[in-house]
Amino acid sequence: GTAVEFVSADVSETRELLDDEDGIRGVRSRTLERAVQGQIKVGGSIKMNPTPAELALVWPFCVQSSTGSTLTDAMQDVTVVIDNQQATNTFLGRFNKVTLSGSPGKKLDLTLDFVGKSNTVSSGGSLSTVPDVTVRPYRMQDMGSGITIGGTTYSIDEFELMIDNHIEPTYMQGQTATDLEPQDREVHLKVRTKYTSTEKGLQTTAIAGPALGSPVSGSLAFTNGANSVSFTFGALVAEPKTVG
């Protein structure tokens with residue numbers, strides 16, 4: 001029940017309209033009697049510049065089955081309520097993919113890809129709370145000295161952290177989704193650094209994968225006033241790009 005500030009949101013419910021166009025009938029016109037409603041699909045994306053409180057609120061729904069922030073196999077449902085004054089849509093689903101990114105001089109961008117299984121429509125204008133505007137969003141300069149990989153800290157001017165849970169809605173005999181089960185999860189971290197004798201070593205770091213017993217770890221950290229957050233990676237596999 002927490003109101004959050006967002007940049008854009010296109011979460012919606014779509015009801016497919018199907019018609020019978022397979023048979024050879026001797027006419028080109030399609031008949032109204034053959035039209036039928038197909039699957040009901042719920043989904044879309046939410047884009048934010050998260051404050052510390054907002055990032056702490058949504059992150060567990062992307063990686064956890066509870067209120068923690070570490071990755072687990074299980075996930076939890078989340079309710080997304082969008083009030084456009086004319087109508088309030090209450091969507092039930094899960095965050096399929098989360099992308100957190102940053103670049104110099106800008107606020108961090110957070111994109112949440114939502115996949116749902118139901119939508120309830122009620123009268124609009126019923127939300128009574130507003131987002132907290134007393135704490136500013138995280139910014140790129142909140143990172144401090146940069147990213148740490150294998151015990152060495154590197155300055156970066158761009159990063160993107162993506163977690164994809166590969167959720168495909170399950171439809172049984174009905175028109176609405178019954179389950180939103182995550183599949184094999186992918187975690188990708190992309191950074192862009194300088195190119196000096198220090199960064200040159202990244203070209204060969206963990207190219208063949210992490211060594212058993214001594215994986216290459218990494219971490220990102222942000223400090224916003226009295227608030228801080230860190231992302232720790234236990235085993236990194238490199239996919240370097242050569243410098244032209």
Side-chain angles (χ1 to χ4, degrees), residues 1-14 40-72 74-103 105-143 160-165 167 169 176-177 180 182 220-231:
T2 302
V4 297
E5 182 180 359
F6 64 98
V7 176
S8 64
D10 60 7
V11 179
S12 60
E13 177 190 85
T14 302
I40 301 174
K41 298 182 178 180
V42 177
S45 63
I46 302 170
K47 295 183 179 181
M48 308 169 59
N49 299 127
T51 66
E54 290 166 346
L55 188 59
L57 172 70
V58 303
W59 201 258
F61 290 106
C62 304
V63 300
Q64 263 272 5
S65 59
S66 184
T67 58
S69 57
T70 57
L71 294 172
T72 66
M75 295 183 65
Q76 58 181 314
D77 289 343
V78 58
T79 300
V80 174
V81 181
I82 299 180
D83 183 0
N84 61 17
Q85 296 300 309
Q86 302 304 316
T88 297
N89 291 275
T90 302
F91 303 99
L92 178 63
R94 291 182 172 182
F95 289 135
N96 179 35
K97 183 168 70 172
V98 55
T99 305
L100 181 67
S101 60
S103 57
K106 297 183 179 180
K107 293 178 284 189
L108 298 191
D109 292 318
L110 179 68
T111 301
L112 303 166
D113 289 340
F114 177 82
V115 57
K117 54 185 177 181
S118 68
N119 172 39
T120 302
V121 183
S122 58
S123 58
S126 61
L127 296 184
S128 59
T129 59
V130 295
D132 174 25
V133 295
T134 62
V135 180
R136 66 167 176 80
Y138 280 113
R139 302 188 69 90
M140 184 68 170
Q141 60 260 36
D142 294 333
M143 184 183 293
E160 180 182 275
L161 169 60
M162 184 272 288
I163 301 175
D164 192 343
N165 293 294
I167 297 176
T176 59
L180 300 172
L220 282 169
F222 300 87
T223 300
N224 178 351
N227 304 283
S228 62
V229 63
S230 62
F231 302 91

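All residue numbers in this chain count up from 1 along the given sequence. Values below: all heavy atoms of this structure, side chains included; hydrogens, waters and symmetry mates excluded.
Nearest heavy atoms, Phe61 versus Met75: O-CE, 3.5 Å. Looking at every heavy atom in both residues, Pro60 comes nearest to Gly68 through CB-O, 3.2 Å. Considering every non-hydrogen atom in both Asp83 and Gly124, the closest pair reads OD1-CA, 3.5 Å.
In this structure, Asp10 contributes its side chain and Ser45 its backbone to a donor-acceptor pair below 3.5 Å. In terms of modelled atom types and a separation under 3.5 Å, the side chain of Asn96 and the main chain of Phe114 share no donor-acceptor contact. No donor-acceptor distance shorter than 3.5 angstrom exists from the side chain of Glu5 to the backbone of Val133, with no hydrogens or angles considered.
Looking at Ile167 and Pro182, their side chains come closer than 4.5 Å, going by heavy atoms from C-beta outward. Between Tyr138 and Val229, the closest side-chain pair of non-hydrogen atoms falls below 4.5 Å. Considering only heavy atoms from C-beta on, Thr99 comes within 4.5 Å of Glu160 through its side chain. For the pair Val58/Pro50, no side-chain contact is recorded, criterion being any heavy-atom separation below 4.5 Å from C-beta on. Counting only heavy atoms from C-beta outward, the side chains of Val115 and Pro169 approach each other to under 4.5 Å. Using a 4.5 Å heavy-atom cutoff, the side chains of Thr51 and Asp132 are not in contact. With contacts defined as side-chain heavy-atom distances shorter than 4.5 Å, the pair Asp142/Arg136 qualifies. The closest side-chain heavy-atom distance from Lys117 to Val42 is not below 4.5 Å.
Gln64 and Thr70 form a side-chain donor-acceptor contact under 3.5 Å, judged by distance and modelled atom types alone.
From Gln141, atom CD reaches atom OG1 of Thr223 across 12.0 Å, with rounding to the nearest 0.5 Å.
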